[in-house]
Q: 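Here it is, the structure, as structure tokens.
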Number of protein chains: 2
Amino acid sequence: MSAAESAVETIQREMTIFARRARASAGRMHPELSLVSYTLLGHLEERDGCRATDLAAHYALDKSTVSRQVAALERAALIERRLDPEDHRVQVLHLTEAGREILAQVTRSRRAAFRERLAEWPEEDLVRFAAYLERYNAGPAGTDGE
Amino acid sequence: MSAAESAVETIQREMTIFARRARASAGRMHPELSLVSYTLLGHLEERDGCRATDLAAHYALDKSTVSRQVAALERAALIERRLDPEDHRVQVLHLTEAGREILAQVTRSRRAAFRERLAEWPEEDLVRFAAYLERYNAGPAGTDGE
DNA sequence: ACTTCAAGTTGTACTATACAACTAGAAACC
DNA sequence: GGTTTCTAGTTGTATAGTACAACTTGAAGT
């Protein structure tokens, strides 16, 4: 096996380990915000509001799933729905103040965990690792599908 | 923000994207073998058989969860239980021939997906990326927990 | 106006998971 | 040697996340 082939094997194995761990720990780390809820809130912050359908399309989730997630987030007062005056079928979703705070808090705590884990890494390696991950994720949707 | 801090941000963001995608696509990619089942079978192959308790400890799963997963894998005839003659509480789990084949088949298909995704990468980058991932996962269980 | 399309909700089912209560067997300790 | 304690595993119950299908409501096209 060439060095390249063996490296691909390793990448596959380690990505699998990471995915499994992330999945197992996602609920335990932030009981107040699942990984999906977190990314939905993040998307709302980034886009400054969007429709449920946009979330479903972007994250390859069924619209019923998004509908229930949105209902839960609204119940928790983390988001609010604003009816689109142009089209009465549409609800534009926005973060509430509380939602913004929770999102920031979870982001801080996640960031702290990553910082700790990467504390010993030289800057040069951090920068290269970050670039590799970006390149990997930017690739054509193959292994996954966004 | 320093280059190191901004790299950590990127690593966090990209790892999150990867984890979310992996989760979303895990079921769709291999309907015959969930990510968890896949890793359980992989562990059995690697260790050439082990106990349910070992699986639970290694993957931080509840023993009841493992018990049900194992029951499903046995029902699918991918593993078999052998009673330990030394200790009648213990069942040593082993892959069956069918289990070995399914595992190999899913491994091949996953490998093909990764290869395709990484096809354009120069060997040098593959090797470095693989090393970074190993280093990341080998770190102290912080963000996750095995 | 009628049909067709789009956004969301609700009913139903399934999977993965945890926690608690339980059974069965092994080990330890007077 | 009998009682207590520990360990392996199963089962009951509950929850979260998910999909698919059927439906409602409103918009757009013909």
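As a basis for the values below, the full set of heavy atoms in this structure was taken, side chains included, without hydrogen atoms, waters or symmetry mates.
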Q: Atom CD of residue position B:Glu46 - does it have more than 12 heavy atoms of other residues, nucleotides or ligands inside 6.0 Å?
A: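 Result for CD/B:Glu46: enclosed.
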Q: Does C:dA20 have its OP1 or OP2 closer than 4.0 Å to a side-chain nitrogen or oxygen of B:Ser64?
A: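 So the side-chain polar atoms of B:Ser64 never come under 4.0 Å of the phosphate oxygens OP1 or OP2 of C:dA20.
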Q: Map B:Val66 and A:Lys63 onto DNA chain D by nearest heavy atom, then report which one ends up closer to the 5' terminus.
A: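 Looking at the nearest nucleotide for each, B:Val66 comes out on the 5' side.
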Q: So does B:Arg135 pair up with A:Asp125, basic N to acidic O under 4.0 Å?
A: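 Yes.
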Q: Calculate the interatomic distance between B:His88 atom NE2 and C:dA27 atom C1'; express it in whole Å.
A: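 Computing the B:His88:NE2 to C:dA27:C1' distance gives 16 Å.
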Q: If I take atom CD in residue B:Glu74 and atom P in nucleotide D:dG9, what distance separates them, rounded to the nearest angstrom?
A: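 Atom CD in B:Glu74 sits about 13 Å away from atom P in D:dG9.
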Q: What's the OH-P distance between B:Tyr38 and C:dA16, to the nearest Å?
A: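 From B:Tyr38 OH to C:dA16 P: 17 Å.
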Q: Report yes if a side-chain nitrogen or oxygen of A:Gln69 is closer than 4.0 Å to either non-bridging phosphate oxygen (OP1 or OP2) of D:dT18; otherwise report no.
A: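 Answer yes for this pair, as a side-chain N or O of A:Gln69 is under 4.0 Å from OP1 or OP2.
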Q: Is there a side-chain contact between B:Ser67 and the phosphate of D:dT10, meaning an N or O under 4.0 Å from OP1 or OP2?
A: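 So the side-chain polar atoms of B:Ser67 do come within 4.0 Å of the phosphate oxygens OP1 or OP2 of D:dT10, strictly under.
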Q: So that I can tick it off, tell me whether B:Glu124 and B:Arg128 are bridged by a salt bridge, with the cut-off set at under 4.0 angstrom between side-chain N and carboxylate O.
A: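 Looking at B:Arg128 and B:Glu124, the cut-off is met.
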Q: What is the distance, to the nearest angstrom, from the CG atom on A:Asp87 to the P atom on D:dT25?
A: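 For the pair A:Asp87 CG and D:dT25 P, the rounded distance is 15 Å.
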Q: Using atom CG of A:Leu35 as one end and atom C1' of C:dT17 as the other, report the distance to the nearest whole Å.
A: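 Result: 16 Å.
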Q: In whole Å, what is the span from the CG atom of A:Leu55 to the P atom of D:dT18?
A: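 About 12 Å, once rounded to whole Å.
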Q: Quick check against the 3.5 Å criterion: does A:Thr39 have a side-chain atom that pairs as donor or acceptor with the backbone of A:Leu35?
A: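 Such a contact is found between A:Thr39 side chain and A:Leu35 backbone.
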Q: Would you classify B:Val70 as touching base, sugar-phosphate or nothing, given that sugar-phosphate means primed atoms plus P, OP1 and OP2, and contacts are heavy atoms under 4.0 Å?
A: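 Since no nucleic acid heavy atom lies under 4.0 Å of B:Val70, the category is nothing.
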Q: Any side-chain N or O of B:Arg51 less than 4.0 Å from the OP1 or OP2 oxygen of D:dA8?
A: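 For D:dA8, OP1/OP2 do have a side-chain N/O of B:Arg51 under 4.0 Å.
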Q: Please state how far atom CG in A:Asp62 lies from atom C1' in C:dA6, giving the value in whole angstrom units.
A: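 These atoms are roughly 14 Å apart.
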Q: For A:Glu86 and A:Ser37, take the nucleotide of DNA chain D holding the closest heavy atom to each; which residue's nucleotide lies nearer the 5' end?
A: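 This one resolves to A:Ser37.
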Q: Quick check against the 3.5 Å criterion: does B:Thr10 have a side-chain atom that pairs as donor or acceptor with the backbone of B:Ser6?
A: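 It does hold such a pair.
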Q: Side-chain N or O of A:Arg20 less than 4.0 angstrom from OP1 or OP2 on C:dA16?
A: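 So the side chain of A:Arg20 is outside the cut-off, no N or O lying under 4.0 Å from OP1 or OP2 of C:dA16.
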Q: What's the CZ-C1' distance between A:Arg81 and C:dT9, to the nearest Å?
A: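 Rounded to whole Å, this separation is 9 Å.
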Q: Tell me whether the side-chain N/O atoms of A:Arg68 come closer than 4.0 Å to OP1 or OP2 in D:dT18.
A: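 Checking D:dT18 against A:Arg68, no side-chain N or O comes under 4.0 Å of OP1 or OP2.
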Q: Tell me whether the OP1 or OP2 atom of C:dA7 has a side-chain N or O from A:Gln91 closer than 4.0 Å.
A: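 Answer no for this pair, as no side-chain N or O of A:Gln91 is under 4.0 Å from OP1 or OP2.
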Q: Touch check for A:Thr53, heavy atoms < 4.0 angstrom, all strands: base, sugar-phosphate only, or nothing?
A: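 A:Thr53: backbone/sugar contact only, no base atoms under 4.0 Å.
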Q: Counting distance alone, no hydrogens or angles: does the base of C:dA6 have a donor or acceptor under 3.5 Å from a partner atom on the side chain of A:Arg89?
A: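 It does, because a donor-acceptor pair links the side chain of A:Arg89 to the base of C:dA6 below 3.5 Å.
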